[in-house]
Amino acid sequence: MFLQNKLYVIVGFIFIFLFLFLGCNYANDDGINFSYESADLSEINDYTAADFIFAFFNSSFLSDNVDEDATLGITLTSVIGSESKDLRRLLKFKTEKVTGYEVEYSTRDPYSGREITASGLLLVPSSSRPLPLLVYHRATLLTKAAAPSLIPEEMIVIDPIIDERATMIMLALQGYIVLAPDYIGYGSSDDIRHPYLYRKSVTQTSLDMFFSVTEALKEYDISFTKDVYVMGYSQGGHGAIAFAQGFQDNNTRDFAIRALAAGGGPYDILETIRELFDQNFITKITTLLFLQAYTYIYNWDLDRIIRKNSYKDVIESAFEYEDIEEPAKEIPNKVDDLFRSQFIEDIQKGRSDSIQKNLEENSVYNWAPSVPVLLFHARNDRIVPYINMKIAYNSFNRNGSASVTRKDCSFKRLDNLLKAAKKLNIDAKKPTPNHVNCIFIFMLEASDFIKDF
C-alpha cells in the first residue's frame, strides 16, 4: 500500500510538471518550439481616424494619378467634414483612436536555433469591450526602416495606399487588435540574415509573437476575444497561410481562427519560379532576397546557378544592406542574363532534385484550411504569377477545405472612395491592376471578407 501511494504521488508530480511545462511551451513535428512568455510592449503613439483620412487624401495614389488642373491643397479642416464621414462609413471605422506599441518577444534564430529577440507592431483600438485579434503579415520590404515596429509617430507621413503600416492602422480603426511581426532580419533582429520565404521561420516567429503578445495583453488589462483573423499580401500572403497552417496544426489553447485572407502570394514557390523563367523576367528585389536566403539556408552552389561572379558577390552580401534596392541595381532582370542556362533548364524540366525539394518544402498550398479562405490576385501580376491563386484554390478544395473564395483584383472597389476625393476637387484616375497597385484593394476586400465570420 505504501509503494502504491508513493507511485500515485510520483505520477501526480509528473502530471503537474507536464501541465506546467505544456502550459508555457509546445512543439510541432518540425521541432519548432513556441514560447508563451509575455512580450515587452513599448508605447509608440496614438493614431486617429482623422489622421488616416487626412493622409489618404494626400497619398501618392491620388497625387500620382491626379489631373493636372486638380487642386491638391487639402487642409485637415476640409477632410473632417461631410466627406470624412462618407469615408469613415466606406472604410467601416468603429473607433476614432488606436494606440501603437513596439513589441519585443523571444523566438529562435532560424539558422543557429539559439534564442533571440524579435519584434513587431501591436495596434490596440480604444474600446470598452473585448475585441478580436488580427494577425497581419506584411509584404516584401524595400528598406529595413519600413519594418512594422518602426512605424512613424505621425500618421501624416505614412502613405495609406503604399505603406502597409497605414493599412494596419486602418484595420485597427475597424475594431481589430492588430499584431504584425517584423520577421527575422528586421527591427530588433536586423543584424540577422532575413530568411525570405522560409516557411519554418515565418511560422515560428509569427506564432511566438501571437502567444507572447496575448500574454502581454492580459498583463496590460487589454480585453480581447479568442477570435483570430489572419491576413497577408505578397510575401505576407505566403506568411499568412504558413501561420494559419501552423496555428491549425499546433494550437493547444482555445483560440480559433475564424477566417484567412491571402493576396498575391507565392504559395507554390517552384511553380512561381518556373513561370518567371518562362516569361524571362524577374523582379530584382524579390529575386535578390530569395537567393541570399536560400543559398545560405540550403548551401546552394551559386557557381552552378549564377552566370557571373559579380552577380554572385551581390547575392552573398545583399543582407548587409539597409536598402535592398541598392544592391538590386547590380543584377539584371532578365532570367537568361542572371542564371546559367543549364540551371534554367533543370528547373523547368524538374531535373534539380535537391533544389526542387527545397522549394516544395517551403510552399504552403498543399493542406486543407478548416476555416473560410479568401484568395486574391491580379491577373496580370508579373511579380508573383496569377497561377499561384489557381494552385492554392484547387489544392485547398481537393484536400477538403469547406469554403474557399477567389477574387481577381478590380479597381471598381475604389469608385466610391474616388467620389469622395472628387468632392475635394481631386479628379484621380484608377491605375492598372498589378501586384503593387492591388495591395490596398486587397485590404479593402479582405476586411470585407473577414467581417462576416
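All values reported here derive from a predicted model rather than from experimental measurement.
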Within the 6.0 Å centroid threshold, strictly below: Phe277 and Phe339: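 Yes, the ring of Phe277 comes within the 6.0 Å limit of the ring of Phe339, centre to centre.
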Suppose we call two aromatic rings close when their centres sit under 6.0 Å apart. Are Tyr296 and Tyr111 close by that rule?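 Yes.
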Under 30°, 30 to 60°, or over 60°: which ring-plane class applies to [X] and [Y], parallel, tilted or perpendicular?
{"X": "His377", "Y": "Tyr267", "answer": "perpendicular"}
{"X": "Phe440", "Y": "Phe56", "answer": "tilted"}
{"X": "Tyr298", "Y": "Tyr198", "answer": "perpendicular"}

Taking the basic N atoms (NZ, or NE/NH1/NH2) and the acidic carboxylate oxygens, is any pair closer than 4.0 Å for [X] and [Y]?
{"X": "Glu445", "Y": "Lys407", "result": "yes"}
{"X": "Asp408", "Y": "Arg379", "result": "yes"}
{"X": "Lys218", "Y": "Glu215", "result": "yes"}
{"X": "Asp448", "Y": "Lys92", "result": "yes"}

May I ask you to check whether Asp268 and Thr272 show a side-chain donor-acceptor distance below 3.5 Å?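 No pair is found: no donor N or O on one side chain lies under 3.5 Å from an acceptor on the other.
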Could you tell me if Gln348 and Asp278 have a donor-acceptor pair between their side chains, going purely by distance under 3.5 Å?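 Yes, Gln348 and Asp278 have a side-chain donor paired with an acceptor closer than 3.5 Å.
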Is the shortest heavy-atom distance from the side chain of Phe93 to the side chain of Met170 under 4.5 Å?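 Phe93 vs Met170: side chains touch.
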Would you say NZ of Lys94 has more than 12 non-hydrogen atoms from neighbouring residues, nucleotides or ligands within 6.0 angstrom?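 Atom NZ in Lys94 is not packed in, count stays at 12 or less.
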His194 and Phe319: ring-ring contact (aromatic ring centres under 6.0 Å, His included), yes or no, with the steps? CA-CA 7 Å; His194 176 45; Phe319 81 100; over 10 Å; no
